[in-house]
Peer 1: 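Take this structure first; my questions come after.
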Amino acid sequence: MKNSADKPVIGVAGAGTMGSGIALVALYQGYRVILQDAYPGALDRAREYVEKFLDRKGLGEYRAHVSYIAELSGLAAADVVIEAVIEDLEVKQALFRQLEDLCLEGAIFATNTSTLAVSAIAAGLKRPERMLGLHFFNPAPLLPLVEVVQAAHTAPEVVARVMEMVTDLGKTPVLTKDT
C-alpha cells in the first residue's frame, strides 16, 4: 500500500450514512480524508461511526488521517471531493459552484447521486470537464461495486484518474454513461 502522502486527499461533503461510509472506505486504504458537514450533530455521529469501525479493523492509528469540519472552505485542500448530500438538484449545483471557487485548480468533483444526471448537476460550472459521478452502494464499506459515471463533458483523464483511485480503494469500478 502506498503511503497516504502519495495518495490524493479525499474530501467528502456530507457526513450522513453515505458520506461516513465513503470516508471509511478511503481511510481503510490509508487515504487522508476531510469529512465536511454543516450540521455538528452529523459530524459527531460520523466521528463515532468512523472511529468505531477503524478500531474494529485494528486501524485506530488512521483516526489521525481524518479531519471533521463544518465549514465548506475546509475542503479547499482536497484533490478529490465526493458529494454525498441530499438528492436535490439545486442544492448539489450550488454546492459544486462553491467548491469550484474554493478548491485547488486541478481538483476533481464527484457526485454520489444515483437519481440525478451528472450533466445537470455540473450545469453552470466553469470547468464541467472535471466533474463526474461516483456512485458507491450502501453500505459503502461492504459493497464492492462503484459506478464511475462519465458525463458528456467529463474529461477522459479525469475518468482514468478516478478509475485508478477506485481500484486503489479496494473497489471494483464500473464505467457507465450519464443518464
Peer 1: List, by chain and number, the other hydrophobic cluster members for F137, where Ile, Leu, Val, Met, Phe, Trp and Tyr join if side-chain heavy atoms come within less than 4.5 Å, directly or indirectly.
Peer 2: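 Members besides F137, by chain and number: L143, L145, V174.
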
Peer 1: Looking at OG1 of T111 and CG of L134, how far apart are the two atoms once the value is rounded to the nearest 0.5 Å?
Peer 2: 9.0 Å

Peer 1: Between E87 and T113, is there a side-chain donor-acceptor contact under 3.5 Å, judged purely by atom types and distance?
Peer 2: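 The answer is yes; a qualifying pair exists.
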
Peer 1: With distance as the sole test, does H153 use its side chain to make a donor-acceptor pair with the main-chain N or O of E129 at under 3.5 Å?
Peer 2: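 No: the side chain of H153 does not pair with the backbone of E129.
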
Peer 1: Are side-chain heavy atoms of L169 and F136 found at a separation under 4.5 Å?
Peer 2: yes

Peer 1: Might you work through the side chain to side chain contact (heavy atoms under 4.5 Å, CB included) test for F53 and L59, ending with a clear yes or no?
Peer 2: CA-CA 8 Å; F53 282 97; L59 298 171; over 6 Å; no

Peer 1: Report yes if the side chains of R127 and E100 come closer than 4.5 Å at any heavy-atom pair, otherwise no.
Peer 2: yes

Peer 1: Which heavy atom in Q93 sits nearest to a heavy atom in A120, and how many Å separate them?
Peer 2: NE2-O, 2.7 Å

Peer 1: To check you understand the geometry: which heavy-atom pair defines the closest contact between P141 and K171, and what is its length?
Peer 2: O-NZ, 3.5 Å

Peer 1: Given 3.5 Å as the limit, does a donor-acceptor pair link the side chain of R97 with the main chain of K92, or not?
Peer 2: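 Such a contact is absent between R97 side chain and K92 backbone.
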
Peer 1: Measure the shortest side-chain to side-chain distance between M165 and I10 over non-hydrogen atoms and say whether it is less than 4.5 angstrom.
Peer 2: yes

Peer 1: For F109, what are the other residues in its hydrophobic cluster, where any two members join if their side-chain heavy atoms are less than 4.5 angstrom apart?
Peer 2: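 Listed partners: V9, I34, I69, L72, L75, V81, V85, I86, L89, V91, L95, F96, L99, L102, L116, V118, I121, L125, M131, V149.
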
Peer 1: Are any side-chain N or O atoms of R130 and backbone N or O atoms of E105, one a donor and one an acceptor, separated by less than 3.5 Å?
Peer 2: yes

Peer 1: Which heavy atom in Y39 sits nearest to a heavy atom in D37, and how many Å separate them?
Peer 2: N-OD1, 3.0 Å

Peer 1: Please tabulate, for the side chains in residues 19-27, all donor-acceptor contacts under 3.5 angstrom to protein atoms that are two or more places apart in sequence or on a different chain.
Peer 2:
unit_1	atom_1	unit_2	atom_2	d
S20	OG	A15	O	2.9
S20	OG	G16	O	2.9

Peer 1: Quick one: pull up OG1 in T172 and CE in M163 and give me the separation to the nearest 0.5 Å.
Peer 2: 10.0 Å

Peer 1: Atom NZ in K57, atom CG in D55: separation rounded to 0.5 Å?
Peer 2: 13.0 Å

Peer 1: Is any side-chain heavy atom of L35 closer than 4.5 Å to a side-chain heavy atom of S67?
Peer 2: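 Not touching, per the 4.5 Å side-chain cut-off.
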
Peer 1: Does CD belonging to E61 count more than 12 external heavy atoms closer than 6.0 Å?
Peer 2: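 Counting neighbours around CD of E61, more than 12 heavy atoms of other residues, nucleotides or ligands fall under 6.0 Å, so yes.
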
Peer 1: Carefully, step by step, assess E147 and T176 under the rule side chain to side chain donor-acceptor pair (under 3.5 Å).
Peer 2: CA-CA 6 Å; E147 289 178 319; T176 65; 4.9 Å; no

Peer 1: For Y31 and D168, test the side chains for any donor-to-acceptor distance below 3.5 angstrom and give the result as yes or no.
Peer 2: yes

Peer 1: I'd like to know if K126 and D101 make a salt bridge, using a cut-off of under 4.0 Å between side-chain N and carboxylate O.
Peer 2: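 Salt bridge flag = yes for D101 with K126.
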
Peer 1: For K52, does its backbone N or O pair with a side-chain atom of R56 as donor and acceptor, under 3.5 Å?
Peer 2: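 Such a contact is absent between R56 side chain and K52 backbone.
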
Peer 1: I need the R161 CZ to D79 CG distance, nearest 0.5 Å.
Peer 2: 7.5 Å

Peer 1: Distance-only, no hydrogens or angles: does the Q36 side chain make a donor-acceptor pair with backbone N or O of A70 under 3.5 Å?
Peer 2: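 Yes; at least one donor-acceptor contact below 3.5 Å.
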
Peer 1: Return the OH to OH distance between Y28 and Y62, rounded to the nearest 0.5 Å.
Peer 2: 12.0 Å

Peer 1: Would the distance check show the side chain of Q150 and the main-chain N or O of D178 forming a donor-acceptor pair, the cut-off being under 3.5 Å?
Peer 2: no

